[in-house]
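Letters go in sequence order (proteins before strands), and every chain restarts at 1. Not measured: the values here are computed from a predicted model.
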Amino acid sequence: MSNVRVRFAPSPTGFVHVGSLRTALYNYLFARHHGGKFVLRVEDTDRARYTEGAVENLLETLEWSGLSYDEGPENDGDFSPYYQSQRLNIYHEYIEKLISNNFAYPCFCSKERLEKMREEQIGKKLTPKYDGHCRYISGDELIKRRKSEDHVIRLKIPPEGITKVSDIIRGEVQFQNEMIDDQVLLKSDGFPTYHLANVVDDHLMGITHVIRGEEWLISTPKHIILYEYFGWPIPRFAHLPLLLNPDRSKLSKRQGDVAVEDYRKKGYLPEALLNFVALLGWNRGDDEEIFSLEELIADFSLERVNKSGAVFNIEKLNWMNGIYIRKLPEEKYLLIALETMKNNGIDAGNTRKNEQIALAVRNNIETFNDIKERSELFLGDGPLHYSENALEWIKPDSSKKVFTSMLTEIEKIPEITLEAFKSVMGNVQKETGLKGKEIWMPVRSALTGLTEGPELPQVIQIFGKDKILRLLEQAIRV
RNA sequence: GGCGCGUUCGUCUAGGGGUUUAGGACGCUGGCCUCUCACGCCGGUAACACGGGUUCGAAUCCCGUACGCGCUACCA
């Protein structure tokens with residue numbers, strides 16, 4: 001397929017929804033796979049929902065995700081501006097064309113009248129839609145009222161017939177025209193609604209494939225009618241299945257994190273998040289689940305996108321993020337880990353030690369924020385609190401022997417190194433006649449207060465001689 | 001209420017009439033590794049919504065029912 005052009009057209013409402021991220025991803029993959037263009041267009045036509053800083057946040061989040069766009073706000077192509085709020089004159093121009101061709105008409109109805117009408121229709125079990133009250137106002141009256149009264153512009157839907165939507169994912173979907181509402185195209189404040197702006201811009205920007213969420217499927221016939229009225233070619237449509245809450249409702253804020261920024265803050269890797277959402281609705285057809293962006297680009301196709309909604313399963317995301325954390329080159333891992341520790345006030349005194357801690361907990365974390373909890377045992381300075389299980393390992397006389405023996409051995413050496421520690425433990429083994437669990441578990445319990453944790457040699461190095469001596473003394477007194 | 005879409009293990013999914021005792025992954029779980037936990041590796045658990053057709057044969061095709069979800073705004 002040549003000259004593919006797709007767009008991601010979010011509305012800047014303050015944060016980027018993970019569902020939007022997946023939509024952006026699929027658009028991006030489709031464009032890259034076909035060697036086409038990926039356009040970012042900001043759909044800021046709702047002044048009531050204007051949020052300070054939302055656009056900046058959108059751009060930054062997108063950059064963090066790694067989905068780079070070819071044309072958009074900070075990368076002007078041939079179709080700028082890419083903010084709909086800056087394209088108002090364009091929409092007005094096309095609205096006038098529609099009106100003069102009798103494809104759209106001004107509507108002066110009050111909100112109250114519309115609301116009452118809707119209630120009555122629902123009461124009568126009818127499809128709620130505009131009743132055409134202002135459809136046939138014409139001549140002088142129309143000119144006069146347009147000048148003096150607040151009004152919107154509505155799309156004039158053909159009263160009968162069928163509009164067919166051909167969807168790449170769902171096949172052909174048919175709609176009876178009589179069920180389609182005379183949608184508002186231009187609001188009384190002069191801003192376009194989504195329906196108008198999206199059709200005009202998609203055409204003007206040469207969009208070939210409209211890949212968007214399933215919630216748009218039902219309004220697609222309105223868009224198709226608009227394309228027909230304008231005499232424009234109709235792009236291909238692909239409506240993506242919804243992302244769901246655990247209770248299978250549309251993924252929303254109330255049931256956990258939905259903002260990409262939330263996942264970023266919690267220490268998820270963009271590669272992992274992308275890989276995870278890619279699999280919510282798409283798969284390659286084999287058993288592979290870990291994909292780099294490059295692999296996704298190579299293998300992605302809309303034909304393999306599912307029809308049904310997918311629950312956003314955080315457990316699997318966590319697992320996958322852990323995989324990515326362990327796959328990271330050590331340098332890159334350390335960079336992010338140290339940054340996380342710094343932001344959370346975790347500091348063992350020097351960089352070398354902080355690095356050792358980060359490395360020690362690496363296999364135990366699923367997100368970078370897990371470092372907080374996992375590094376606790378390295379940081380305390382005062383007396384140690386023992387868990388019940390640890391206490392069981394500390395109490396026996398044989399364990400006390402291990403501690404005293406280890407204490408004297410360690411006092412002999414100037415500094416704890418890996419080598420020194422090995423020989424210390426060797427000597428303790430000889431002296432006490434104990435080995436395996438009998439010797440290691442008491443030491444682990446005495447030093448960390450827990451019966452689980454990173455490998456002891458790693459722990460020991462980070463602790464250093466003084467702290468070890470202090471903890472052994474404490475354990476002996478138990 | 002109307003319109004539209006959907007329905008395979010708890011979750012993400014493979015499957016496109018016989019190769020299926022329905023495969024993989026997360027989770028849960030047993031084992032191995034090991035000083036422990038984790039990692040890793042090996043194994044187990046668990047599903048074709050229901051009812052009719054079509055066919056020699058249906059998870060796969062058709063119809064209906066049920067259930068779920070979405071839309072139903074001068075929001076996107």
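- B/C42 and B/C26 are spaced 11 Å apart, taking the P atom of each and rounding to whole Å.
- Within 4.0 Å of A/N306, counting heavy atoms only, lie sugar-phosphate atoms of the nucleic acid but no base atom.
- Across all strands, A/N364 comes closer than 4.0 Å to base atoms (heavy-atom distances).
- Only the C1' atoms considered, B/C9 is 13 Å distant from B/C28, to the nearest whole Å.
- In this structure, B/G10 and B/C26 make a Watson-Crick or G-U wobble pair, each of the two defining distances being under 3.5 angstrom.
- A/K395 is linked by a salt bridge (Lys or Arg N to Asp or Glu O under 4.0 Å) to nothing, counting only residues two or more places apart in sequence or in another chain.
- In this structure, A/R362 is positioned above the aromatic face of A/Y333, its NZ or CZ under 6.0 Å from the six-membered ring centre and within 45° of the axis.
- Separating the CZ atom of A/R374 from the C1' atom of B/U36 is a distance of 12 Å, rounded to the nearest angstrom.
- When Watson-Crick and G-U wobble pairs are counted only if both distances are under 3.5 Å, B/C32 pairs with B/G40.
- Between A/R284 and A/E288, none of the side-chain N atoms (NZ, or NE/NH1/NH2) sits under 4.0 Å from a carboxylate O, so this pair counts as no salt bridge.
- A donor-acceptor pair under 3.5 Å is absent between the side-chain atoms of A/R444 and the main chain of A/L450, judged by distance alone.
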Contacts under 3.5 Å, N or O only, protein and nucleotides 73-76 of chain B:
residue: B/A73; atom: OP2; partner: A/R118; partner atom: NE; Å: 2.7
residue: B/C74; atom: O2; partner: A/S188; partner atom: N; Å: 2.8
residue: B/C74; atom: O2; partner: A/S188; partner atom: OG; Å: 2.7
residue: B/C74; atom: N3; partner: A/S188; partner atom: OG; Å: 3.0
residue: B/C75; atom: OP2; partner: A/K187; partner atom: NZ; Å: 3.1
residue: B/C75; atom: O2'; partner: A/D46; partner atom: OD2; Å: 2.6
residue: B/C75; atom: O2'; partner: A/R49; partner atom: NE; Å: 3.3
residue: B/C75; atom: O2'; partner: A/R49; partner atom: NH2; Å: 3.1
residue: B/C75; atom: O2; partner: A/R49; partner atom: NH2; Å: 3.3
residue: B/A76; atom: OP1; partner: A/T45; partner atom: OG1; Å: 2.9
residue: B/A76; atom: OP1; partner: A/K187; partner atom: NZ; Å: 2.7
residue: B/A76; atom: OP2; partner: A/Y194; partner atom: N; Å: 3.3
residue: B/A76; atom: O4'; partner: A/R49; partner atom: NH2; Å: 3.4
residue: B/A76; atom: O3'; partner: A/E43; partner atom: OE1; Å: 3.2

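- More than 12 heavy atoms of other residues, nucleotides or ligands shown are found within 6.0 angstrom of CG on A/D247.
- Rounded to an integer number of Å, the gap from A/F175 CZ to B/G2 P is 17 Å.
- Using N1 to N3 plus N6-O4 or O6-N4 for Watson-Crick, or N1-O2 and O6-N3 for G-U wobble, each under 3.5 Å, B/G18 pairs with B/C56.
- Along RNA chain B, the nucleotide nearest to A/K124 and the one nearest to A/L242 differ in position, and the one closer to the 5' end is contacted by A/K124.
- With P as the reference atom, B/U65 and B/G2 are 13 Å apart, rounded to whole Å.
- Taking the C1' atom of each, B/U36 and B/U45 are spaced 27 Å apart, rounded to whole Å.
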Contact list (N/O, under 3.5 angstrom) for nucleotides 21-23 of chain B vs protein:
none

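- Here A/K222 does not pair with A/D181 in a salt bridge; the nearest charged N to carboxylate O distance is not below 4.0 Å.
- Listed for the A/N27 side chain is no donor-acceptor partner under 3.5 Å among the backbone atoms of A/V6.
- Defined by atom type and a distance below 3.5 Å, a donor-acceptor pair is missing between the side-chain atoms of A/R212 and A/S20.
- In this structure, a donor-acceptor pair under 3.5 Å is present between the side chains of A/N177 and A/T163.
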Identify each atom pair where a protein N or O and an N or O of nucleotides 26-32 of chain B are less than 3.5 Å apart, giving names and distance.
residue: B/C26; atom: O2'; partner: A/K316; partner atom: N; Å: 3.3

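- Taking atom P on both B/A49 and B/U60, the two are 8 Å apart, rounded to the nearest angstrom.
- For the pair A/K467 and A/F463, the cation sits on the ring face: its NZ or CZ lies under 6.0 Å from the ring centre, inside 45° of the axis.
- Within 4.0 Å (heavy atoms only), A/G281 reaches sugar-phosphate atoms of the nucleic acid but no base atom.
- Atom C1' of B/U34 sits at a distance of 47 Å from the matching atom of B/G16, rounded to the whole Å.
- Rounded to a whole angstrom, the distance from the C1' atom of B/A46 to that of B/G51 is 25 Å.
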What are the atom names and distances for every N/O pair under 3.5 Å that joins the protein to nucleotides 33-35 of chain B?
residue: B/C35; atom: O2; partner: A/R444; partner atom: NE; Å: 3.1
residue: B/C35; atom: N3; partner: A/R444; partner atom: NH2; Å: 3.1
residue: B/C35; atom: N4; partner: A/L456; partner atom: N; Å: 2.9

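- Comparing the C1' positions of B/C48 and B/G6 gives a spacing of 15 Å, expressed to the nearest Å.
- Across all strands, A/F191 comes closer than 4.0 Å to no nucleic acid atom at all (heavy-atom distances).
- In this model, a donor atom of one side chain and an acceptor atom of the other lie less than 3.5 Å apart for A/N318 and A/Y268.
- For B/C12, the OP1/OP2 oxygens have a side-chain nitrogen or oxygen of A/R248 closer than 4.0 Å.
- Contact annotation for A/R304: backbone-only contact, meaning every heavy-atom pair under 4.0 Å involves sugar-phosphate atoms and none involves a base.
- Among the heavy atoms of the strands lying under 4.0 Å from A/R326 are primed sugar atoms or P, OP1, OP2 only; no base atom is included.
- Here the side chain of A/L217 is nearest to one of B/C5, B/C3, B/G15, namely B/C5.
- Taking the centre and axis of the six-membered ring of A/F108, the NZ or CZ atom of A/R145 falls inside the cone set by 45° and 6.0 Å.
- Between A/Y28 and A/F38, the ring planes lie perpendicular to each other; the angle is over 60°, past the 30° to 60° tilted range.
- With 3.5 Å as the limit, one finds a donor-acceptor pair spanning the side chains of A/N283 and A/R304.
- With hydrogens and angles left out, the side-chain atoms of A/H239 and A/R170 include no donor and acceptor closer than 3.5 Å.
- Within the structure, the ring-ring contact (aromatic ring centres under 6.0 Å, His included) test picks out the following pairs touching residues 298-318 of chain A (sequence neighbours left out): A/Y26-A/F300, A/Y263-A/F312, A/F276-A/F312, A/W282-A/F300.
- Shown here, B/C50 forms a base pair with B/G64; the pair counts as Watson-Crick or G-U wobble because both key distances fall under 3.5 Å.
- If you check B/G70 for Watson-Crick or wobble pairing at under 3.5 angstrom, you find it paired to B/C3.
- You'll find that the side chain of A/R170 is closest to B/G6, out of B/G6, B/C71, B/G2.
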